[in-house]
Structures are given as C-alpha cells and as structure tokens.
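What follows is a set of notes on a single structure, which appears directly below.
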Amino acid sequence: MLVILVPTLMLIPTAWVIRPAWLWPVTLAYSLVIALTSLFWFKNLTETGLSYLNLYMATDTISAPLLILTTWLLPLMMLASQAHLHHEPLNRQRMYISLLASLQFFLILAFSATEIIMFYIMFEATLIPTLFLITRWGNQTERLNAGAYFLFYTLAGSLPLLVALLLLQNTTGTLSLLTLQYSELTMSGSYSSKFWWVALMLAFLVKMPLYGAHLWLPKAHVEAPVAGSMILAAILLKLGGYGMIRVLMMLEPVTKQLCYPFIILALWGVIVTGSTCLRQTDLKSLIAYSSVSHMGLVIAGILTQSPWGITGSLILMISHGLTSSALFCLANTNYERTHSRTMLLARGLQAALPLMAMWWFLASLANLALPPLPNLMGELMIITATFNWSWWTIILTGAGTLITAGYSLYMFLMTQRGPLPPHIKNITPSHSREHLLMALHLLPLILLVLKPELIWGWTS
C-alpha cells in the first residue's frame, strides 16, 4: 500500500522542482509507473478477505478494483489536460498537477481505510482539490455557481453522516470495518433506527447521485475542465457506491424496511434522466445526465442487498468509470477544435476526423452496454437482482435500457454523422496523444471481457 501512497505524495514536490520543459513528460511517466505498480493489487483478488493489512489500511475484492481505477486515471487526466494548459503560466500548470496528485492521495486513503471515520475524513477531503479544479480552471463564469452547488449539496448530505457515525461509535464502541460486522446493533426496530439509517445513507445517495439530489452533478460536469469531469465521473461518484456497500453490511434488519422508496426513486431516475438526455443540446450535459442514469441502476443494485445486485453494481461502477471518462475526453477534443459544446454547431465531424469517429463509436457502444462488454454484464446482473426483488421493476429497468440505447445513438449521430457545418473551415487533425488517451480508456474495458472475475469481487 505504501509503495503506491508515498510515490503519489512525492509527485507534488516533483511537479514543483522539475524543469519547465520536462514538467509534463516526467509527471506523466511518474504517474504511469504508479498506475502500473498498482496492478499488483490484482494478484490478491482471488483470495477472500482482506490483504495488504495494517492498522488503518487494507484492500479487498471490493476496494482493489476501485483503487486500481483511481491510479489508472491520473496519467490519463494528465494526457487529456496538456493541450488546454499549454498556454497557462508555469506555476498554474504545477498547481494543477499538484491538485490531481493530492486528489489521488485522498482517494487511495478513502478506498483503503479500515476505520469508517478515516473514510469519512478522506471522503470530505476530496472536495477541496475538486472544488479548486472546477472554480479555477472551469471554462465559464457559471463555474463559481457550479462549485457552490457541488460544495453545499455534498456538505449538507455529509453532516447527518458524521452525527450517525458518532452515534454508532457510542453504541458499539468501534468504527473499524474489521470488527463492526461482528458487533450487535441494538437500534433495529425503533423509529430512531430509521432516522439513523437515512442519516448514514444520505451522504452516499447525494454523492452517487440519487435522482432528486442530482442537480449539482450536471452543473459541476459542464463547468469543470476535462480532468475535473473525468475524475468526477470515473471515481468521485463511485465513492458513494463504495460507502453504501461498506455501511449497509451492518444495517441489515432496517434496510429491508427502508430500501423500497429509494430503489423505486433510483429506477424512476434512470428513466427520467435518460429522457432528459434525449432533449439535451449540450454535449457535456448529456454525458453528465447519462452518468446520473447509470448510477441510479447502481443504487438499486446495492440496495437489493443480494450478491448479484452488489456484484453487478461493482462491475457497472468500474466499466462506467472508464466509459464516461472516455466520453468526456472525446467531448473535450471536440471542444478544443470547435470551441462549442452545442451539438448542432459541432456536428458531422466524421468527415474531418475519421479516426476520432471510430473512438466515438466504440465509446457510444460501451455506454449503451453492447455485449460482451462488462457494462452489459453489470446491467444484466442488476436487472436480474431487482427483478428477483420485485418483478414490477422489469418495466422500469427495461424502459431505462431502451432509453439508454436511444440517447447513446443520438449522441453519436449528432456529433459524427451528416455534413460538416460551413462555419468549420479549418480544423486541426487529431493527435497521437488523443488516440493513446482513448486506447488507454477503452482497451482495459475490452480486456476485462477476457477476465471479468477481476471485478467480480462479491461472489468470488
């Protein structure tokens, strides 16, 4: 664990002392070495229980895939950000890299924490660098409004979580994940236990986000720079799902009574946000609402509390992380050339950038869960788990799947097909850096088809 954590921390001073000409190549190579080293965590995934255990940190079959995804994303964010940061002052470039490294540091500590209060502190600490990324490097003046939404939605959900955790510490005498699962909870059955359950869940449901508490997400995504959008879609939303999986294991009797409205709301959110995607004109906004739709399925899968549901949620979280991050990178390549996120003004790009159209096609197919990609495996397992919970849910999940296919194809056809608009006279060709970036997103997704048990954490 320290082999990953210490180099991540040392990336911050490295970014400040390196010569300007070598800033991006060295930090990129450094972060890629960290990402490749983290692949050793896969080695212990076949074993049950915790590994790399010390007093405060451990990995298991749930946290290891998310940890590897976190480290994998840092070099990709650096690759994606080079073009638009190239003209900025050097100190701002160094600060940008430092923020990304600090974000990875907090996320590694959050996913590997064995103490829930340490997880809570790191869960909140990720707010600070993300807020700086959105409010400092965002594209438009609305970025301050988006930052305020992001901050206050998350903090409003997190305060009840802190109170609930302190109450849990008072009741059981421990907040360690290693011992909590064996603790006797004396609160089940009373009204206070229901409030306590909602307080524990609220922060994670806002972070996911659940439909109804999702308004901060499209704003944050649309205003954030490309690295902010990537880390938000790929990792920060998954913090909510990871927290739910961890906390629900000790809430068993109360969950059976209280999960009904939340599962229905999540599945209704899949349909409503999917329908919203079909009406979007802004490309980044469409991808952001698509994330809300997919996370609705994940919430429903986790709340069914079945092995199939939780395994499907974990698979969908990993595969959606790679897919949505790839889509945000592609939206950014369009934006850098056309300086517009409006799909009507930046359409027909297949004629100008044919190889980019191939990446768009693959990412769109991954987003609509084409077999045999892991996205489909995750969605099918969640649909089966919710159908087993109540067969009425097939109406909502089936409609959601159809709408997902609809808006994914709509996004591809609007951006790539048709004639090139007359106002796009000269467009810069795509770079090898961008093709490498897309390959590093979509190749892991395709390779997971060959060995899916790497993310089948719950049932292995």
Side-chain angles (χ1 to χ4, degrees), residues 103 106-107 109-110 113 116-136 138 142-170 175 191-224 228-229 231-233 235-248 251 254-255 258-259 261-266 268-269 272-273 276 285 288-289 291-293 295-296 298-300 302-303:
L103 195 51
F106 292 142
L107 283 164
L109 284 173
I116 300 187
I117 207 74
M118 178 178 163
F119 169 73
Y120 175 82
I121 292 166
M122 294 306 153
F123 179 82
E124 294 303 315
T126 56
L127 276 176
I128 301 162
T130 317
L131 190 66
F132 284 155
L133 281 175
I134 293 170
T135 53
R136 174 61 196 83
E142 287 88 357
R143 63 182 187 265
L144 297 174
N145 191 14
Y149 263 70
F150 171 63
L151 184 67
F152 287 107
Y153 261 83
T154 313
L155 284 180
S158 300
L159 189 62
L161 174 63
L162 179 61
V163 176
L165 288 178
L166 295 175
L167 186 63
L168 180 63
Q169 164 76 36
N170 212 20
L175 279 178
Y191 278 112
S192 58
S193 69
K194 293 180 173 63
F195 278 117
W196 179 65
W197 187 93
V198 172
L200 273 173
M201 284 288 104
L202 195 61
F204 302 131
L205 291 171
V206 169
K207 194 75 171 179
M208 283 293 282
L210 179 69
Y211 174 70
H214 69 288
L215 289 177
W216 64 270
L217 184 76
K219 280 181 177 290
H221 269 313
V222 167
E223 300 306 325
S229 291
I231 197 79
L232 254 176
I235 309 293
L236 291 177
L237 304 189
K238 280 58 183 181
L239 263 177
Y242 175 77
M244 282 174 71
I245 292 172
R246 288 292 188 217
V247 168
L248 277 175
L251 300 176
V254 193
T255 307
L258 287 180
C259 65
F262 291 101
I263 292 181
I264 299 303
L265 191 58
W268 178 240
V272 175
T273 50
T276 311
S285 187
Y289 274 107
S291 290
V292 181
S293 176
M295 288 302 104
V298 170
I299 292 171
I302 293 170
L303 285 176

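If you're wondering where the values come from, they're calculated on a predicted model, not measured in any experiment.
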Less than 4.5 Å apart, any side-chain heavy atom of Thr276 and any of Val292?
-> no

Where do Tyr211 and Leu205 land on the side-chain contact (heavy atoms from CB on, under 4.5 Å) test, with the steps shown first?
-> CA-CA 9 Å; Tyr211 174 70; Leu205 291 171; over 6 Å; no

Look up atom CG in Leu210 and atom CD1 in Ile263, then write down how far apart they are to the nearest 0.5 Å.
-> 11.0 Å

Minimum heavy-atom distance between Trp196 and Leu168, given as atom pair plus value | CZ2-CD1, 3.5 Å

Dump the intermediate steps for ring-ring contact (aromatic ring centres under 6.0 Å, His included) on Tyr242 and Phe204, then the final yes or no.
-> CA-CA 9 Å; Tyr242 175 77; Phe204 302 131; 9.0 Å; no

Drop me the distance from Cys259's SG to Ile302's CD1, to the nearest 0.5 angstrom.
-> 12.5 Å

For the student: nearest non-hydrogen atoms of Thr135 and Arg143, plus distance | O-NE, 2.8 Å

Is it the case that more than 12 heavy atoms not belonging to Tyr120 sit under 6.0 Å from its OH atom?
-> yes

How long is the gap from CG on Leu303 to CG on Leu248, to the nearest 0.5 Å?
-> 6.0 Å

Could you tell me whether the side chain of Leu107 reaches within less than 4.5 Å of the side chain of Met122, counting heavy atoms only?
-> no

Candidate pair Trp216 and Val206, rule side-chain contact (heavy atoms from CB on, under 4.5 Å), full reasoning | CA-CA 9 Å; Trp216 64 270; Val206 169; 4.0 Å; yes

Compare every heavy atom of Ala164 with every heavy atom of Ala199, then report the nearest pair and how far apart it is.
-> CB-CB, 3.9 Å

Value rounded to 0.5 Å, distance of CD in Glu223 from CG in Leu144 | 9.5 Å

What is the distance from atom CG of Leu159 to atom CG of Leu202, rounded to the nearest 0.5 Å?
-> 10.0 Å

Criterion side-chain contact (heavy atoms from CB on, under 4.5 Å) on Met201 and Met244, from CA distance to verdict = CA-CA 7 Å; Met201 284 288 104; Met244 282 174 71; 4.1 Å; yes

Between Met208 and Leu237, does a side-chain contact (heavy atoms from CB on, under 4.5 Å) hold up when you go through it step by step?
-> CA-CA 5 Å; Met208 283 293 282; Leu237 304 189; 5.8 Å; no

Could you give the side-chain donor-acceptor pairs of residues 126-134 under 3.5 Å, partners two or more places apart or in another chain?
unit_1 : atom_1 : unit_2 : atom_2 : d
Thr126 : OG1    : Phe123 : O      : 2.7
Thr130 : OG1    : Thr126 : O      : 2.6

Would you mind reporting whether Arg246 and Ile116 have side-chain heavy atoms less than 4.5 Å apart?
-> no

Pairwise side-chain contact, Glu124 with Ser158, heavy-atom cut-off 4.5 Å (strictly under) | yes

Rounded to the nearest 0.5 Å, how far apart are CG of Leu155 and CG of Leu151?
-> 4.5 Å

Is there a donor-acceptor pair under 3.5 Å between the side chain of His214 and the backbone N or O of Gly212?
-> yes

Is there a donor-acceptor pair under 3.5 Å between the side chain of Lys238 and the backbone N or O of Ala233?
-> yes

What is the minimum heavy-atom distance between Tyr289 and Pro218, and which atoms define it?
-> CZ-CG, 3.6 Å

